[in-house]
Structure formats: C-alpha cells, structure tokens
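Lettering of chains follows the sequences in order, A, B, ..., and the numbering in each one begins at 1.
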Amino acid sequence: MAGKNESAITEWWLQRLTGAVVGLYVVVLIGLLLVHGAPNAEQWRALFANNTFRVLTLLALVSAFYHGLVGVLHVWPDYVKNRAVRAVLVGASWLAFIAYSAWTVVILFALKS
Amino acid sequence: MTDASKAPLPKARPRPVYRNIGFGDLARYRLPAPGIASILHRVSGVGLFVGMLIVLPLLAMSLKSDAGFEAFRGMVWGNPLGRLILIALLLAVVYHLVAGIRHMIQDANRWLDLATSTRTAWATMLISVVITAIVVARVW
C-alpha cells in the first residue's frame, strides 16, 4: 500500500496531468470557435459524430471532474471547520465526481441513435 | 582610538505603531495581487466544478436533436442571463487555465519574488479577460 506521502505526490502529479489534458482540450475548442465561429446544428452534430472527438471529450471531461474533485477537497477544509458539514461536503464532492462522469458517458455515447 | 559603541547609530526609520485599528485603517489593508490571483483561481475552480450542473444538461440538450440544439442556443445565447452565465463560465475556464500555467511555472521555482509575482498576477487577470473578450467578440 502506498504511504500517505506517496499518495500525496501522486495526487500532486495527477492534478497537473489532468490540468494539462483539460487545458489542451479547451485550447483546441477555443481555436475551433475562433476559426469557424459559433457552430450551427449540423456542424455541432458532425463534430460529435466523430468517435475520436467523443472519446477525447470524455477523457477531457473526466479529467476535469477529477481535477475539480481534488481541488474542492483541498478547498473545503480551509473554510469549513465544522466536522459534520465537512463530511457532507466531502461526500457531496465524491458523489458529484461519480455522477458527472457517468452522466457524461450517457450524454456522449448512450443517447446516440 | 574611537569607541565603536559610542559611534552614532544610523537614524532608524520611524515604524508604524499599531494600537487599535478603526474603519479608516481598514481601507488601507488590501490583499496583494498574488493573493487576488490565488483566490480567483480557487473561486473559478469551485465555480466550474459546481457549474457542471449547468454545462452538462446544456451539452445533453445540444446533442439530443436539432430542436434540442436550437433550444440550447436560445438558452445560452438568446437571452441576456444565458449570455452572462456562458461568458462567466468561459472567463472562469480561461482564467483558471492561465493561472494554472502561472502556478506550474511557480512550482518550478520561477517568478517567485514579490515584484515578478505581482506583475504576473495582474498579467494573468488581464490576459484571461482579453482572451475571453476575443472569443465573445468572435461568436457575438
């Protein structure tokens, strides 16, 4: 089992790695917006019909959710001192991470006809 | 021989004396720029994590059908509140990214002195507002 310091270092690196993944995705999206302008329905559908783009979107969004989870888990204890409220926030953050991830899979893959 | 202990000491700069602070003094206490950059990084990050509650339903709606896409467009672009929320989310993600890059440069022990850190903090805010403005102007 990894020690506490090891897992903290892994978390530190994962936070930067996921940040870089989301950052690249955001840069590409903004680039597309700047080159093509706001998409119409057809362009939007065509973009998401591409399986590679869908998988990259899933990767970027789940990276963003994990990055956000680690972020808020570090933020709550700085402001919330009450143990019960803290526990609720930690639970809610984990639930949000899981629900967001599952929801994204449904949006990107299951809803497709 | 002169006695070193009797040499005149350099005149000390008068130091502020704090006894009790009033409302007038409170106005002089400001968070330094790196502190503002840091709290904005947190606020934008938490805002984006919670903001997914808005982004994900909109993404689902936009991909469901052509009618759904038009409904999505009407919601995020067809009314002032939708535009405001969308622009705020865009600013948050751009700011969080630019501030994140600055954060990682500082992880590498660069730009850490107060003067540089202050300049890059203001630059982070300025650059993210400019990028957001360019994107908004492009799609307006």
*Would you mind telling me which of A/Val27, A/Thr104, A/Val72, A/Leu61 has the largest number of heavy-atom pairs within less than 4.5 Å of chain B?*
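Most heavy-atom pairs within the cutoff with chain B belong to A/Val72.
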*Can you tell which of A/Gly68, A/Ala96, A/Ala41 has the highest number of heavy-atom pairs within less than 4.5 Å of chain B?*
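Result: the option with the highest number of such pairs is A/Ala41.
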Flag side-chain contact, heavy atom, 4.5 Å: [X] against [Y]:
X	Y	answer
A/Trp103	B/Pro57	yes
B/Ile134	A/Ile30	no
A/Tyr79	B/Arg42	yes

Which atoms of [X] approach chain B - backbone, side chain, both or neither, heavy atom under 4.5 Å:
X	value
A/Asn40	backbone
A/His67	side chain
A/Val75	both

Give a yes or no on this: more than 12 heavy atoms of other residues, nucleotides or ligands lie within 6.0 Å of atom [atom1] of [X].
X	atom1	value
B/Arg110	CZ	no
A/Trp12	CH2	yes
B/Trp111	CH2	no

_Quick one, A/Trp44 with B/Asp66, criterion side chain to side chain contact (heavy atoms under 4.5 Å, CB included). Give me CA distance, side-chain angles, the key distance, then yes/no._
CA-CA 10 Å; A/Trp44 192 243; B/Asp66 283 5; over 6 Å; no
*Count the heavy-atom pairs under 4.5 Å between each of B/Val46, B/Leu59, B/Asp107, B/Val139 and chain A, then report the option with the highest count.*
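Of the candidates given, the most pairs with chain A belong to B/Asp107.
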_Selection from B/Leu48, B/Val135, B/Leu53 maximising heavy-atom pairs under 4.5 Å formed with chain A_ =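 So the answer, after comparing B/Leu48, B/Val135, B/Leu53, is B/Leu53.
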Would a hydrophobic clustering, with Ile, Leu, Val, Met, Phe, Trp and Tyr connected at side-chain separations under 4.5 Å, put [X] with [Y]?
X	Y	value
A/Val90	A/Leu69	yes
A/Val28	A/Leu56	no
B/Leu84	B/Val55	no
B/Ile87	A/Leu32	yes
A/Leu24	A/Leu33	no

*Indicate the atoms forming the closest heavy-atom contact of B/His103 with A/Arg16, along with that distance.*
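Scanning both residues completely, I find the closest heavy atoms to be CE1-NH2, 3.8 Å.
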*Work out which heavy atom in A/Pro39 is nearest to a heavy atom in B/Arg73; give both atom names and the distance.*
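Scanning both residues, the minimum pair turns out to be O-NH1, 3.1 Å.
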*Output the distance between atom CD1 (A/Ile107) and atom CG (B/Leu56), rounded to the nearest 0.5 Å.*
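CG of B/Leu56 is found 5.0 Å from CD1 of A/Ile107.
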*ring-ring contact (aromatic ring centres under 6.0 Å, His included) partners of A/Tyr100, counting only residues at least two apart*: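 A/Tyr100 satisfies ring-ring contact (aromatic ring centres under 6.0 Å, His included) with A/Phe65, B/Phe49 only.
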*May I ask you to list the residues in residues 93-102 of chain B that approach chain A closer than 4.5 angstrom, counting heavy atoms only, ordered by number?*
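Checking residues 93-102 of chain B against chain A gives B/Val93, B/Val94, B/His96, B/Leu97.
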*Segment of B/Ser65 engaging chain A (4.5 angstrom heavy-atom cut-off)*: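 No part of it gets close to chain A.
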*Non-hydrogen atoms of chain A under 4.5 Å away: do they reach the side chain of B/Met52, the backbone, both or neither?*
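Looking at B/Met52, backbone and side chain both touch chain A.
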